[in-house]
Amino acid sequence: QSALTQPPSASGSPGQSVTISCTGTSSDVGAYNYVSWYQQHPGEAPKLMIYEVSKRPSGVPDRFSGSKSANTASLTVSGLQAEDEADYYCSSYAGSNSLGVFGGGTKLTVL
Amino acid sequence: EVQLVQSGAEVKKPGESLRISCKGSGYSFTNYWIAWVRQMPGKGLEWMGIIYPGDADTRYSPSFQGQVTMSADKSISTAYLQWSSLKASDTANYYCARPSVVRGGIIRSDVWGQGTLVTVSS
């Protein structure tokens with residue numbers, strides 16, 4: 001199972017919006033509504049930010065939103081804040097013969 | 001509070017064996033899968049495998065099958081990841097997580113351990 005494709009970096013100024021893409025195939029992202037996004041600050045464990053494409057766990061600010069079109073999922077961070085600077089990873093369910101697949105990660109910089 | 005607490009950092013030599021642990025609390029340990037995730041230095045996340053402590057059912061990612069062994073002791077709510085002969089390329093941060101699993105595949109992980117850094121060097 002190949003990794004999902006994410007841009008290595010993204011950036012935006014405080015208050016702006018930024019969107020990170022996650023491209024898979026018709027066997028993973030395109031086939032199921034089981035895309036999740038994780039935020040990882042340096043030296044910390046990943047934190048679930050979005051699951052099932054667009055759902056937010058309790059406690060995650062509504063500035064974070066997710067969507068999907070065909071084989072590409074997206075994470076949008078609105079009203080960027082300094083604490084949003086982190087690495088973001090997408091992950092997708094890929095059927096019963098696979099544990100699932102991660103994207104390579106995107107480093108989000110708040111300028 | 002639902003928590004996964006992992007064992008501390010390890011420094012080992014090539015060829016040595018190692019077992020790291022992940023203790024669950026605040027929930028019914030036997031009713032949820034535990035996943036192991038590798039993160040090599042400066043790199044991304046990789047699912048290694050999952051284990052269901054209730055019946056020790058395990059699934060490994062092909063890349064890790066035969067390279068590591070997952071186990072669990074439900075009497076002490078602890079999952080383990082072990083190596084019989086470490087290599088320098090095993091140097092990484094290893095996380096345990098509590099995934100939601102559908103038909104053997106992971107759909108999300110909402111609880112993560114703090115990570116265990118394993119360094120293998122001669």
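Hydrogens, waters and symmetry mates play no part in the numbers below; they use all other heavy atoms, side chains included. A, B, ... follow the sequence lines: proteins, then strands. Residue 1 opens every chain.
- The heavy-atom pair separating A:Ser96 from B:Arg59 by the smallest distance is O-NH2, 3.1 Å.
- Looking at B:Gln39, the atoms closer than 4.5 Å to chain A (heavy atoms on both sides) all sit in the side chain, from C-beta outward.
- A single hydrophobic cluster is seen to contain both B:Tyr52 and B:Ile50, as judged by linkage of ILVMFWY side chains at heavy-atom distances under 4.5 Å, directly or through other members.
- A:Ser91 and B:Trp47 get closest at one heavy-atom pair: OG-NE1, 3.5 Å.
- Under a hydrophobic-cluster definition in which Ile, Leu, Val, Met, Phe, Trp and Tyr are linked whenever side-chain heavy atoms come within less than 4.5 Å, directly or via other members, A:Tyr51 and B:Val37 are assigned to the same cluster.
- Within residues 57-84 of chain A, no residue has any heavy atom closer than 4.5 Å to a heavy atom of chain B.
- Follow the hydrophobic side-chain contacts under 4.5 Å out from B:Tyr60 and you reach B:Tyr94 in the same cluster.
- Placement of B:Tyr80 and B:Ile34 in two distinct hydrophobic clusters is found when ILVMFWY residues are connected by side-chain heavy-atom separations under 4.5 Å, directly or transitively.
- Residues B:Gly113 and A:Ala45 come closest through the heavy atom pair O-CB, 3.2 Å.
- Using a 4.5 Å cut-off between heavy atoms, B:Val102 touches chain A through backbone and side chain atoms alike.
- Only the backbone of A:Asn97 comes within less than 4.5 Å of a heavy atom in chain B; its side chain stays farther off.
- When A:Gly104, A:Ser36, A:Pro46, A:Gly105 are compared by the number of non-hydrogen pairs under 4.5 Å with chain B, A:Pro46 comes out ahead.
- Of all the heavy atoms in A:Glu44 and B:Tyr95, the pair that sits closest is O-OH, 3.1 Å.
- Here the shortest heavy-atom pairing between A:Tyr93 and B:Ile107 reads CD1-CG2, 3.7 Å.
- Here the closest non-hydrogen pair linking B:Ser61 and A:Leu99 is N-CD1, 3.6 Å.
- The cluster map of Ile, Leu, Val, Met, Phe, Trp and Tyr, joined by side-chain heavy atoms under 4.5 Å apart, puts A:Val101 and A:Tyr32 in different clusters.
- Between A:Gln40 and B:Trp112, the closest side-chain pair of non-hydrogen atoms is not below 4.5 Å.
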